[in-house]
Amino acid sequence: MSRRRFIVQGCSALGATALPCPWLGAADSSFDPWVEVHAENLRHNVRVVSRRAGARPILAVAKNNGYGLGVVNVGRAFEPLPEVAGLAVVKLAEAISLRDAGVKKPILLLGPLEASELQEALARGITPMVYTAMGDELERAAKGLGRPVAIQICVDTGIGRVGVAHREAAALIQDLASRRSVRVDGVLMTFAEDPEFDKEQLRRFLDLTDALTKKGLKLGRRHAASSFALFQHEDSFLDMVRPGMALYGIYSEAKFRTLGILDLRPAVALRCRVAYVKQLRAGDSAGYERAYRAKQDVWVATLPVGHADGLPRVAAKGARVRIGDAAYPIVASVSASHTIVEIGGEPRVRIGDVATLFDWKEGSRPEDLAAACGASVYDLAMHLNPLLPRRVV
Ligand SMILES: *Cc1c(COP(=O)(O)O)cnc(C)c1O
């Protein structure tokens, strides 16, 4: 068992109330910041997304280390849920670690592959996303495996990234779908998330795939809807929805929070313990470039968390940290591994107290931290350092 897996399992066994985690046998310090994963909130979000999608299957996007929660943690949480038809990741290593962790559901690999990597992906039952003329390559791989290979085909209907251009897609899809050793499990597209243009994109996608289906081609499930579309485009749910952020309980845009369409509950927290508490005298400064000046005598706490852990540098521009029952402002600057918090006239916190950068409580949700300092919630979740210990609670 890897050291990291030992920590995740060992600490989850302790439950949510046993803070701080003693990291028995591990080299992590109990002062390292850690990420908490709320398994029940993950399940709740899957249920509400499923309801919103009219019980269509969910392809759960778990790229970039499961949006910070740990790709194996989310893979294991989704594995037993019937609403989740499969998982999607960008990097081959993530797909392989899901398989190694015992995830049996279909895994769609959204990232590009070399021929040699294609072999390995297919051998592990990982479905590549295809958008180039690689039919011969797929047939060779199928021959090597002694069975047909499953693929999904990505069509670019206007976002301009990967995907075969919609004008040229019919020929490619016909070529791939007509090969006996290739099975097309799905065709997908991505919206530019421009409410008007999205409608045109969807029209292009439907025109293309309807015409091919009429010709008798089997295209598997058509899917397009990310978290944005769950709120914005009910007509794009098609055969399956493909959200990421919503499953982790985070509203991707502030305006979605008040719509009442989805009751999302954050499934991720970032916490650490107060490393040091000291009093500054009036006129003292703190932080690089003396970014903070004490106007009067004031107590400050140092948190052992910084931008190298994933806390955005801009958090010093208005974000607050909860310690005990109170929220305190981050001041000065966020450095690589240290953050300074202004406590006030009295030393109301102690070394070792748990500090919450964000969690699932109203007022300290990831969206609240992002809004307070102008950060993107995507940056917040996806920049959480993969080396931080993860605890499933
Ligand atoms: C990241 C991603 C998604 C999920 O996006 P969210 O905004 O997190 O819901 C869906 N599809 C593709 C192709 C993606 O890369």
Side-chain angles (χ1 to χ4, degrees), residues 29 31-36 64 67-68 245 250-254 257 266 268-389:
S29 155
F31 278 97
D32 286 348
W34 70 92
V35 173
E36 276 175 32
N64 302 326
Y67 286 59
M245 200 53 107
I250 300 172
Y251 293 98
S252 48
E253 296 198 13
R257 218 170 144 176
V268 59
L270 176 62
R271 303 191 210 277
C272 65
R273 296 168 69 213
V274 173
Y276 201 54
V277 180
K278 64 150 60 81
Q279 190 182 35
L280 300 179
R281 295 293 169 82
D284 284 352
S285 64
Y288 290 116
E289 296 168 332
R290 309 192 70 188
Y292 173 80
R293 307 278 183 139
K295 293 195 188 71
Q296 62 250 330
D297 293 0
V298 65
W299 290 85
V300 293
T302 305
L303 305 182
V305 64
H307 62 78
D309 301 301
L311 182 66
R313 281 171 185 270
V314 289
K317 294 186 164 49
R320 300 175 85 82
V321 176
R322 201 178 73 238
I323 307 172
D325 293 333
Y328 303 99
I330 295 175
V331 295
S333 52
V334 171
S335 49
S337 306
H338 296 102
T339 293
I340 302 168
V341 175
E342 185 187 65
I343 303 300
E346 300 296 325
R348 301 211 320 245
V349 310
R350 286 177 310 179
I351 291 175
D353 285 355
V354 172
T356 296
L357 286 306
F358 58 83
D359 66 357
W360 28 84
K361 288 207 175 79
E362 281 311 312
S364 60
R365 294 172 59 118
E367 300 95 325
D368 296 317
L369 172 58
C373 59
S376 148
V377 280
Y378 284 89
D379 291 356
L380 215 54
M382 296 213 196
H383 294 187
L384 289 173
N385 189 328
L387 293 176
L388 295 179

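Quantities reported herein were computed from a predicted structural model and do not represent experimental measurements.
- Between Arg350 and Val277, the closest heavy-atom pair is C-CG2, 4.0 Å.
- Taking CG from Leu384 and OH from Tyr67, the interatomic distance works out to 13.5 Å, rounded to the nearest 0.5 Å.
- Taking each heavy atom of Pro304 and Asp309 in turn, the nearest pair found is O-OD2, 4.2 Å.
- With values rounded to the nearest 0.5 angstrom, Met245 atom CE is found 11.0 Å from Glu253 atom CD.
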message = Using salt bridge (charged side-chain N to carboxylate O under 4.0 Å, His left out), reason through Asp368 and Arg257 one step at a time and then give a plain yes or no.
response = CA-CA 11 Å; Asp368 296 317; Arg257 218 170 144 176; 3.0 Å; yes
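- Legend: ring pair (Phe, Tyr, Trp, His ring centres under 6.0 Å) pairs involving residues 342-383, not counting sequence neighbours, sorted by first then second residue: His38-Trp360.
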Please list, one pair per line, the donor and acceptor atoms closer than 3.5 Å that link side chains of residues 331-348 to other protein atoms, with sequence neighbours excluded.
unit_1	atom_1	unit_2	atom_2	d
Ser335	OG	His338	O	3.1
Thr339	OG1	Val305	O	2.7
Glu342	OE2	Tyr292	OH	2.5
Arg348	NH2	Tyr328	OH	3.2

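- Looking only at side-chain heavy atoms (C-beta outward), Asp297 and Gln279 come within less than 4.5 Å of each other.
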task = Any chance you could lay out the side chain to side chain contact (heavy atoms under 4.5 Å, CB included) test for Leu303 and Val274, step after step, and finish with the verdict?
result = CA-CA 5 Å; Leu303 305 182; Val274 173; 3.9 Å; yes
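- From Leu380, atom CG reaches atom CD1 of Ile250 across 7.0 Å, with rounding to the nearest 0.5 Å.
- Counting only heavy atoms from C-beta outward, the side chains of Ile351 and Tyr276 approach each other to under 4.5 Å.
- Annotation: side chain of Lys278 is in contact with side chain of Leu280 (closest heavy-atom distance under 4.5 Å).
- For Glu36 (side chain) and Ala269 (main-chain N/O), no donor-acceptor pair under 3.5 Å exists by modelled atom type.
- A distance of 6.0 Å separates CG in Leu357 from CD1 in Ile330, rounded to the nearest 0.5 Å.
- Atom CZ in Arg313 sits 11.0 Å away from atom CG in Leu311 (nearest 0.5 Å).
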Validation: residues 317-324 side-chain donor-acceptor distances under 3.5 Å, sequence neighbours left out:
unit_1	atom_1	unit_2	atom_2	d
Arg320	NH2	Ala327	O	3.2
Arg322	NH1	Asp359	OD1	3.4
Arg322	NH1	Asp359	OD2	3.4
Arg322	NH1	Ser364	OG	2.8
Arg322	NH2	Asp359	OD2	3.0

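- Counting all heavy atoms, side chain and backbone alike, Glu367 lies closest to Pro266 at OE1-CG, 4.4 Å.
- Interatomic distance, OG1 of Thr356 versus CG of Leu369, reported as 11.5 Å (0.5 Å rounding).
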